[in-house]
Amino acid sequence: MPKTPEQIAKERRKNIDTTVARAQTMMFEEKNQDAIDLLNASFNQYGDDVKLCELLAQAYAQVNQYDLAAMFYEKSASLPDGNPALYLNAANAYEQLKAYEQAMAMYEKYLKAIPSDFLAWKSLAKIYTQQQKYNEALTAYMSSLKVASRNPTTDEACDIGLLFLKIGNIPQALKWLESALEATSEENLDTRKNILIGLMDLYLAEKNMPKLEAIVQELNKMDDKLVESLHPGLNAQIADFRAKLEAAKLALEQEKLAKEEAEKKAKLEAEKAEAEKLALEEKMKAIEAEKIKTTQEKSKQETTAQAPAENLPAEIKDVEKPKEDDSESLMEKSRKSLEDSDTKAAEKFAHKAVMKDPVDYMTWRTLAKAYEAQERWQDACLAAKESMLRNPDNLDANLMYLRQAAKVLPYDKMLDALYASLKKFPSNSEIMLGIARTYRLSGNKNNAMFFYKKFLDETSSDHPNYAEASEEYAQLTTR
């Protein structure tokens with residue numbers, strides 16, 4: 001008896017799901033080429049399928065075949081039940097190939113489906129800028145700010161101001177760059193330098209020498225060769241302007257100085273006489289105080305009993321110098337202090353461990369835990385990052401950094417960190433859940449739902465975060 005279309009479709013689904021599960025296991029075991037061969041065979045047999053194309057794209061990305069990865073990400077996203085977020089994966093793959101036109105096309109397809117993703121608008125703006133499509137870049141930046149419903153960061157304000165400068169809109173360029181400079185701290189050197197370079201070009205065009213001089217001075221402090229490399233001879237022009245300005249000031253002040261000279265001389269003589277009088281009085285007071293001190297010390301010496309000589313020890317023994325702790329023992333002391341809730345002692349021992357062995361990622365990890373116990377999130381994040389940099393392929397070091405970074409980084413920077421770790425550990429459930437939660441907090445519901453579902457589908461129900469993640473996913477689906 002021939003099979004019905006429903007039976008054929010059900011059997012096809014079952015076979016594809018089995019293939020996907022086997023391929024995921026192969027990829028977890030780093031047998032990426034075997035996974036690719038298995039998935040391609042299934043693709044050739046069954047044709048387009050969302051799960052099949054997505055996993056095939058992931059496998060190609062793992063072996064750096066970004067052209068094929070991009071093709072299958074795009075194919076999966078474009079299917080009727082596909083996830084538009086995969087257009088972003090395709091865009092990233094094209095960026096790896098420096099195929100920026102194709103990357104722009106992927107961002108545009110994604111934003112047509114999900115126009116509320118401010119991070120995608122921002123990424124598209126950066127590619128437009130790189131490709132010198134400045135008007136399109138401005139439109140994308142403004143769209144990002146509009147859907148995010150917030151004011152721009154100093155980095156964004158700098159980028160927007162420079163784009164206005166590129167298209168020749170001088171009033172808007174001045175408005176954005178001057179506002180950005182006022183809001184940017186001196187510690188943010190890279191952003192501040194970019195703003196100053198843009199303002200230098202603007203003030204130079206306007207021949208606004210006072211403002212130009214201040215900008216050039218600050219740039220010279222950052223890099224004494226930068227201004228000359230961008231505008232040869234500009235430092236000499238400013239020095240000449242300054243010399244002429246100072247000469248004019250000097251000429252105006254000479255008349256004032258001549259008038260004040262007599263008054264100043266009389267005042268100085270009066271001040272000198274008063275100073276000499278005060279100095280003499282202070283000297284007499286000092287002599288009197290010294291006499292009183294000498295008398296008191298003499299009296300004290302006469303009344304103080306002296307210890308009998310026979311009470312002194314007959315022999316002074318050498319005290320053994322205590323053995324100096326190594327980094328392992330210092331880390332153990334730090335851990336013990338945390339167990340005893342003595343966070344300050346834990347920090348002290350962790351600092352000493354880092355000083356003993358700054359190369360060991362565990363000393364930095366111990367310091368991060370001490371900061372974490374004190375809720376010093378910024379310090380904990382920096383220490384955890386140092387630990388991860390010293391052992392970048394260690395999963396625990398990555399997770400420790402991500403846990404601390406979630407408390408201090410903005411959403412876009414946090415997503416960069418999460419995706420960097422996901423590339424190293426593509427099947428790690430904690431990283432996938434972190435991405436889902438970050439998208440949820442940033443207001444990107446579609447991407448959040450995608451990664452929550454991925455976490456729930458690929459994670460055992462006895463995972464400690466499974467129930468909580470399931471509830472968060474349910475809340476998103478009911479909104």
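Checking side-chain atoms of Glu11 against main-chain N and O of Ile8 turns up no donor-acceptor pair under 3.5 Å. With hydrogens and angles disregarded, a donor-acceptor distance shorter than 3.5 Å links the side chain of Arg390 to the backbone of Pro358. The backbone N or O of Leu330 lies less than 3.5 Å from no partner atom in the side chain of Ser334, so there is not a single donor-acceptor pair. Not a single donor-acceptor pair under 3.5 Å links the side chain of Ser179 to the backbone N or O of Trp176. Within the 3.5 Å criterion, the main-chain N or O of Phe455 finds a donor-acceptor partner in the side chain of Thr459. Side-chain N or O atoms of Asp223 include one that pairs as donor or acceptor with a backbone N or O of Lys225 at under 3.5 Å. A donor-acceptor pair under 3.5 Å links the side-chain atoms of Thr25 to the main chain of Ala21, judged by distance alone. For Glu472 (side chain) and Arg437 (main-chain N/O), no donor-acceptor pair under 3.5 Å exists by modelled atom type. For Ser143 (side chain) and Thr139 (main-chain N/O), a donor-acceptor pair under 3.5 Å exists by modelled atom type. Under a 3.5 Å cut-off, the side chain of Ser144 and the backbone N or O of Trp121 do not form any donor-acceptor pair.
Remark: the Glu430 side chain and the His463 side chain contain an N/O donor-acceptor pair separated by less than 3.5 Å. A side-chain donor-acceptor contact under 3.5 Å links Lys344 and Gln374. With hydrogens and angles left out, the side-chain atoms of Glu468 and Tyr473 include no donor and acceptor closer than 3.5 Å. Side-chain N/O atoms of Tyr87 and Glu74 include no donor and acceptor closer than 3.5 Å. Asn188 and Thr191 share a side-chain donor-acceptor pair at under 3.5 Å. Residues Asp462 and Ser460 bring a donor and an acceptor atom of their side chains to less than 3.5 Å of each other.
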task: Please lay out, stage by stage, how Asn446 and Tyr110 fare under the test side chain to side chain donor-acceptor pair (under 3.5 Å).
output: CA-CA 11 Å; Asn446 287 288; Tyr110 170 74; over 6 Å; no

task: Walk me through it: do Tyr128 and Gln131 pass the test side-chain contact (heavy atoms from CB on, under 4.5 Å)?
output: CA-CA 5 Å; Tyr128 278 143; Gln131 296 302 296; 5.9 Å; no

- request: Kindly determine whether Asp48 and Lys75 satisfy salt bridge (Lys or Arg N to Asp or Glu O under 4.0 Å), including the steps that lead there.
  value: CA-CA 8 Å; Asp48 292 344; Lys75 184 180 288 292; 3.8 Å; yes

task: Run the numbers on Phe118 and Leu145 for side-chain contact (heavy atoms from CB on, under 4.5 Å), then give the verdict.
output: CA-CA 7 Å; Phe118 71 93; Leu145 296 177; over 6 Å; no

message: Assess the residue pair Arg335 and Glu339 against the criterion (salt bridge (Lys or Arg N to Asp or Glu O under 4.0 Å)); give the C-alpha distance rounded to whole Å, side-chain angles, the decisive distance to 0.1 Å, and a yes or no.
response: CA-CA 6 Å; Arg335 286 189 284 269; Glu339 291 174 3; over 6 Å; no

Audit row: Tyr107, Glu95, side chain to side chain donor-acceptor pair (under 3.5 Å) steps and yes/no: CA-CA 11 Å; Tyr107 278 116; Glu95 286 184 68; 3.0 Å; yes

Working for salt bridge (Lys or Arg N to Asp or Glu O under 4.0 Å), residues Glu218 and Arg192: CA-CA 10 Å; Glu218 188 169 347; Arg192 197 167 179 85; 2.4 Å; yes

task: Under the side-chain contact (heavy atoms from CB on, under 4.5 Å) rule, what do Asp117 and Val147 come out as? Steps first, then yes or no, please.
output: CA-CA 7 Å; Asp117 189 339; Val147 299; over 6 Å; no

message: Apply side-chain contact (heavy atoms from CB on, under 4.5 Å) to residues Ile238 and Val227 and explain how you reach the verdict.
response: CA-CA 12 Å; Ile238 291 175; Val227 173; over 6 Å; no

- prompt: What's the verdict on salt bridge (Lys or Arg N to Asp or Glu O under 4.0 Å) for Glu328 and Lys333, showing C-alpha distance, side-chain angles and the deciding distance?
  reply: CA-CA 9 Å; Glu328 287 293 335; Lys333 287 183 178 180; over 6 Å; no

When the side chains of residues 27-39 are checked against the rest of the protein, which donor-acceptor pairs come out under 3.5 Å, sequence neighbours left out?
residue	atom	partner	partner atom	Å
Gln33	NE2	Asp37	OD1	3.2

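Here the side chains of Lys126 and Tyr141 are in contact, with some heavy-atom distance below 4.5 Å. Within the 4.5 Å cutoff, side-chain heavy atoms of Leu181 are placed close to those of Ile215. Side-chain contact between Lys445 and Phe450 is absent, with no heavy-atom pair separated by less than 4.5 Å. Residues Val50 and Asn83 are not in side-chain contact: their nearest non-hydrogen atoms beyond the backbone lie 4.5 Å or more apart. Side chains of Glu375 and Lys407 form no contact here, defined as non-hydrogen atoms less than 4.5 Å apart. Met104 has its side chain out of reach of Tyr94: every pair of non-hydrogen atoms, C-beta onward, lies at least 4.5 Å apart. Within the 4.5 Å cutoff, no side-chain heavy atoms of Phe349 are placed close to those of Thr366. No side-chain heavy atom of Met449 sits less than 4.5 Å from a side-chain heavy atom of Tyr439.
Here the closest non-hydrogen pair linking Gly198 and Leu165 is O-CD2, 3.9 Å. Considering every non-hydrogen atom in both Thr438 and Tyr411, the closest pair reads CG2-O, 3.9 Å.
Around atom NZ of Lys166, no more than 12 heavy atoms belonging to other residues, nucleotides or ligands sit under 6.0 Å away. More than 12 non-hydrogen atoms from other residues, nucleotides or ligands lie less than 6.0 angstrom from CE of Met222. Atom CZ of Arg22 has 12 or fewer neighbouring heavy atoms from other residues, nucleotides or ligands inside a 6.0 Å radius. A 6.0 Å sphere centred on NZ of Lys146 holds no more than 12 heavy atoms belonging to other residues, nucleotides or ligands. Within 6.0 Å of CG in Asp326 there are more than 12 heavy atoms belonging to other residues, nucleotides or ligands. In the displayed structure, Gln7 atom CD is contacted under 6.0 Å by more than 12 heavy atoms of other residues, nucleotides or ligands.
For residues 349-369, every residue pair satisfying the salt bridge (charged side-chain N to carboxylate O under 4.0 Å, His left out) rule, not counting sequence neighbours, is listed here: Glu324-Lys356.
Applying the ring pair (Phe, Tyr, Trp, His ring centres under 6.0 Å) test to Phe43 and every residue at least two apart in sequence or in another chain returns Phe72.
With respect to the salt-bridge test (charged N to carboxylate O, under 4.0 angstrom), the residues Glu186 and Lys221 do not qualify.
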